[in-house]
Amino acid sequence: MTEDSKEDSTDNKDTEEEEEKHVEEDIVSNTNQGKTPIIEEKKVEQVKREVIVSEPKYQKTPTSEETKLEQVKHEVAVGEGEASKTTHIKETISDPESNILATDEERTDGGTSTARIANQACNYAKGKWVVDNHRPLYSGSQCKQWLASMWACRLMQRTDFAFERVRWQPKDCSMEEFEGSRFLRRMKNKTLAFVGDSLGRQQFQSMMCMITGGKERLDVLDVGPEFGFITPEGGARPGGWAYRFPETNTTVLYHWSSTLCDIEPINITDPATEHAMHLDRPPAFLRQYLHKIDVLVMNTGHHWNRGKLNGNRWVMHVNGVPNTNKKLAALGNAKNFTIHSTVSWVNSQLPLHPGLKAFYRSLSPRHFVGGEWNTGGSCNNTTPMSIGKEVLQEESSDYSAGRSVKGTGVKLLDITALSIIRDEGHISRFSISASRGVQDCLHWCLPGVPDTWNEILFAMI
């Protein structure tokens, strides 16, 4: 079974311990449990170990490994120069010691959750979380048709659900309120595709619950086979899911691609074969089905560690042969190289598909405190870090994402900073699938933070 045909059940167990030159993907700084953290961007020493790549001056994906690495050398200096910047988190008048956020009535823009302001210049990544008693947008206990039980915290032993009743309020503008019927009309005769890891799958399931309001919809069609989503012989699940709403002919799908590059078995006759991980080649799914997609949302991030590569027997390839470049073999470099390559390829395809809107979603942060997933790391907060905080930064906290889309037609769905201050929204110790004593501080409770990612996406399309 190839990597693209299954979801790794240990996706919440990512660690960089196997990597000699530890490349930390998380934007969140280490904090003491229960305290409001100081959120900083990567320091200079961290940036030196990261490769930040940006869009080249050509549109097609380069085939020369050397050319791209020379570009990387130049851009590392740029990243180092920006490392002194800080993520701007402003203290608001809210009392940090209370559990009360600004309510709809206290919003400085005078609007409500139903406000509709058409503002193409709005930076949706800047703003604050406010209490909204009209939330959540769907029931976590009733959306069983679309929502996996392992992410439905209403079906677990969790008893605090204040995290469901907050809404993201962008600064100086308002987002259109999400309504399933309005989304379907906007996406009439169109297809929305999420391609990425399990956080992408969470965003997909969130979208399905949001569209349906968490209600059962027997009329929605399973059109997975149209996109090659068929459970392989001996497999646990297909490589993705696709559903069509017949009233508007709107299709919403998810394809599993944890590294956002093409992965194929080296020897198809050997069940224990290694797999070629083509860093400079987009997933086969995109090459085959991009012409059927109208809105594309891509992501990757948490599978770029030695544990995943060794466990899945992935071998890095460039230009169709095993990689021999030691610099590119460093996981941070390989990840950013791949993001850059796939975004560049999608950008090169935009002229061929004039109606296509493509997005790269920035990194969803982890919140392990006091250790990693397997060393006692936890996220037990019920009081959100977002209390009394306002995100004011102009650029994304996910440098590699921001650099990769710069100068391209691919837009950044920037959710990193706003998600950083929602540490209370993870599944935490309530996971029904984790081993005893292991917490999930990577995935989110649904309803929850990924709903906001989709609200921003809705506003951007």
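Note that the coordinates shown come from a computational prediction; the quantities given were computed from them, not determined experimentally. Atoms considered below: every heavy atom in the structure, side chains included; atoms not considered: hydrogens, waters and symmetry mates.
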Next on the checklist: Return the NZ to CG distance between Lys171 and Leu392, rounded to the nearest 0.5 Å.
Outcome noted: 6.0 Å
Checklist entry - Do any N or O atoms from the side chain of Thr408 and from the backbone of Val405 form a donor-acceptor pair under 3.5 angstrom? => result yes
Next on the checklist: For a salt bridge (charged side-chain N to carboxylate O under 4.0 Å, His left out) check, start with the C-alpha distance between Glu395 and Lys406, then their side-chain angles and the critical distance, and finish with the verdict.
Outcome noted: CA-CA 11 Å; Glu395 297 183 1; Lys406 188 175 182 179; over 6 Å; no
Item to check | Nearest-0.5 Å distance, CG of residue Leu253 to CD1 of residue Ile293 | outcome: 6.0 Å
Checklist entry - With no hydrogens and no angle check, is any side-chain donor or acceptor of Thr416 less than 3.5 Å from a backbone partner on Leu363? => result yes
Checklist entry - Heavy-atom distance under 4.5 Å between the side chains of Val318 and Asn325, does that happen here? => result no
Checklist entry - With ring centroids as reference points, do Trp314 and His275 lie under 6.0 angstrom apart? => result no
Item to check | Minimum side-chain heavy-atom gap Val346-Met298 below 4.5 Å | outcome: yes
Next on the checklist: Pairing donors with acceptors under 3.5 angstrom, does anything connect the side chains of Ser258 and Trp304?
Outcome noted: no
Item to check | Minimum heavy-atom distance Trp168-Ala125, with the two atoms named | outcome: CZ2-O, 3.5 Å
Item to check | Donor on one side chain, acceptor on other, Gln202 and Ser206, under 3.5 Å | outcome: no
Next on the checklist: Looking at every non-hydrogen atom in both residues, tell me the closest pair between Arg158 and Asp160 and how far apart they are.
Outcome noted: NH2-OD2, 3.0 Å
Checklist entry - Given side chains that start at C-beta, do those of Asp294 and Lys357 come closer than 4.5 Å, heavy atoms only? => result no
Item to check | Side chains of His291 and Leu356 in contact at under 4.5 Å (non-hydrogen atoms) | outcome: no
Item to check | Taking every non-hydrogen atom, the tightest pair across Ser149 and Ile432 | outcome: O-CD1, 3.7 Å
Checklist entry - Is NZ or CZ of Lys411 both nearer than 6.0 Å to the six-membered ring centre of Tyr360 and within 45° of the ring axis? => result no
Item to check | Lys/Arg N to Asp/Glu carboxylate O, Asp262 vs Arg287, below 4.0 Å | outcome: yes
Checklist entry - For the atom pair NZ (Lys308) and OG1 (Thr259), what is the distance rounded to the nearest 0.5 Å? => result 11.5 Å
Next on the checklist: I'd like to know if the side chain of Asn347 and the backbone of Val343 have a donor-acceptor N/O pair within less than 3.5 Å.
Outcome noted: no
Item to check | Asp414 and Ser362: CA distance, side-chain angles, deciding distance, side chain to side chain donor-acceptor pair (under 3.5 Å) verdict | outcome: CA-CA 5 Å; Asp414 187 9; Ser362 65; 3.3 Å; yes
Next on the checklist: Using 30° and 60° as the class boundaries, would you call the ring planes of His367 and His426 parallel, tilted or perpendicular?
Outcome noted: tilted
Checklist entry - Between atom CD of Gln439 and atom CD of Glu372, what is the distance when rounded to the nearest 0.5 Å? => result 12.5 Å
Item to check | Of all pairs that satisfy salt bridge (Lys or Arg N to Asp or Glu O under 4.0 Å), the ones with a partner from residues 445-456, not counting sequence neighbours | outcome: Arg135-Glu455
Checklist entry - So, Ser400 versus Asp398: side-chain donor-acceptor pair below 3.5 Å or not? => result yes
Checklist entry - So, Asn267 and Thr269: side-chain donor and acceptor under 3.5 Å apart, yes or no? => result yes
Item to check | 4.5 Å side-chain heavy-atom contact, Leu192 and Phe183 | outcome: yes
Item to check | Distance (rounded to the nearest 0.5 Å) between Ile420 CD1 and Ser397 OG | outcome: 4.5 Å
Checklist entry - Step by step, would you call Met316 with Leu309 a side-chain contact (heavy atoms from CB on, under 4.5 Å)? => result CA-CA 9 Å; Met316 294 183 188; Leu309 265 69; 3.7 Å; yes
Checklist entry - For Asn319, does its backbone N or O pair with a side-chain atom of Asp280 as donor and acceptor, under 3.5 Å? => result yes
Next on the checklist: Are there over 12 heavy-atom neighbours, none belonging to Leu352, within less than 6.0 Å of that residue's CG?
Outcome noted: yes
Checklist entry - Under the 3.5 angstrom rule, does the side chain of Arg186 hit a backbone N or O of Phe458 as a donor-acceptor pair? => result yes
Checklist entry - With under 30° as parallel and over 60° as perpendicular, where do the rings of Trp241 and Phe204 fit, or are they tilted in between? => result parallel
Item to check | Donor-acceptor contact present, side-chain Ser257 to main-chain Pro283, <3.5 Å | outcome: no
Next on the checklist: Please find the pair of heavy atoms, one from Phe227 and one from Ala242, that lie closest to each other, and give the distance.
Outcome noted: CD1-CB, 3.8 Å
Item to check | Nearest non-hydrogen partners of Ile211 and Phe178, listed with the distance | outcome: N-CE2, 4.0 Å
Checklist entry - When you measure from the centre of the six-membered ring of Phe163, is the NZ or CZ of Arg422 under 6.0 Å away and within 45° of the axis? => result no
Checklist entry - Taking the six-membered ring for Trp, are Tyr254 and Tyr243 ring centroids under 6.0 Å apart? => result no
Item to check | Full working for side-chain contact (heavy atoms from CB on, under 4.5 Å) between Leu412 and Ser396 | outcome: CA-CA 9 Å; Leu412 181 66; Ser396 176; 3.7 Å; yes
Item to check | Check against ring pair (Phe, Tyr, Trp, His ring centres under 6.0 Å), Tyr289 and Phe229 | outcome: CA-CA 12 Å; Tyr289 294 105; Phe229 299 151; 7.4 Å; no
Item to check | Minimum side-chain heavy-atom gap Asn454-Met207 below 4.5 Å | outcome: yes
Checklist entry - Could Arg201 and Trp256 be counted as a cation-pi pair, given that NZ or CZ must be under 6.0 Å from the ring centre and within 45° of the axis? => result no
Checklist entry - Could you go step by step and tell me if His443 and Leu199 meet the side-chain contact (heavy atoms from CB on, under 4.5 Å) rule? => result CA-CA 7 Å; His443 298 102; Leu199 277 305; 4.2 Å; yes
Item to check | Worked check of side-chain contact (heavy atoms from CB on, under 4.5 Å) between Leu260 and Val195 | outcome: CA-CA 8 Å; Leu260 210 59; Val195 177; 4.0 Å; yes
Item to check | Atom pair CD1 (Ile427) and SG (Cys445), whose distance is rounded to the nearest 0.5 Å | outcome: 5.5 Å
Checklist entry - Any donor-acceptor pair under 3.5 Å linking the side chain of His302 with the backbone of Ser364? => result yes
Item to check | Side chain to side chain, Leu286 and Trp345, heavy atoms closer than 4.5 Å | outcome: yes
Checklist entry - Hey, are Lys126 and Glu390 close enough for a salt bridge, meaning a charged N less than 4.0 Å from a carboxylate O? => result no
Item to check | Main-chain N/O of Ile268 paired to Glu264 side chain as donor or acceptor, under 3.5 Å | outcome: no
Item to check | Main-chain N/O of Met187 paired with Thr250 side-chain donor or acceptor, under 3.5 Å | outcome: yes
Checklist entry - Do you know the tightest heavy-atom contact between Thr338 and Cys261? => result CG2-CB, 3.5 Å
Next on the checklist: Classify the ring geometry of Trp453 against Trp444: parallel below 30°, tilted from 30° to 60°, perpendicular beyond 60°.
Outcome noted: perpendicular
Next on the checklist: Are Trp129 and Thr452 packed together at the side-chain level, in the sense that at least one heavy-atom pair is separated by less than 4.5 angstrom?
Outcome noted: yes
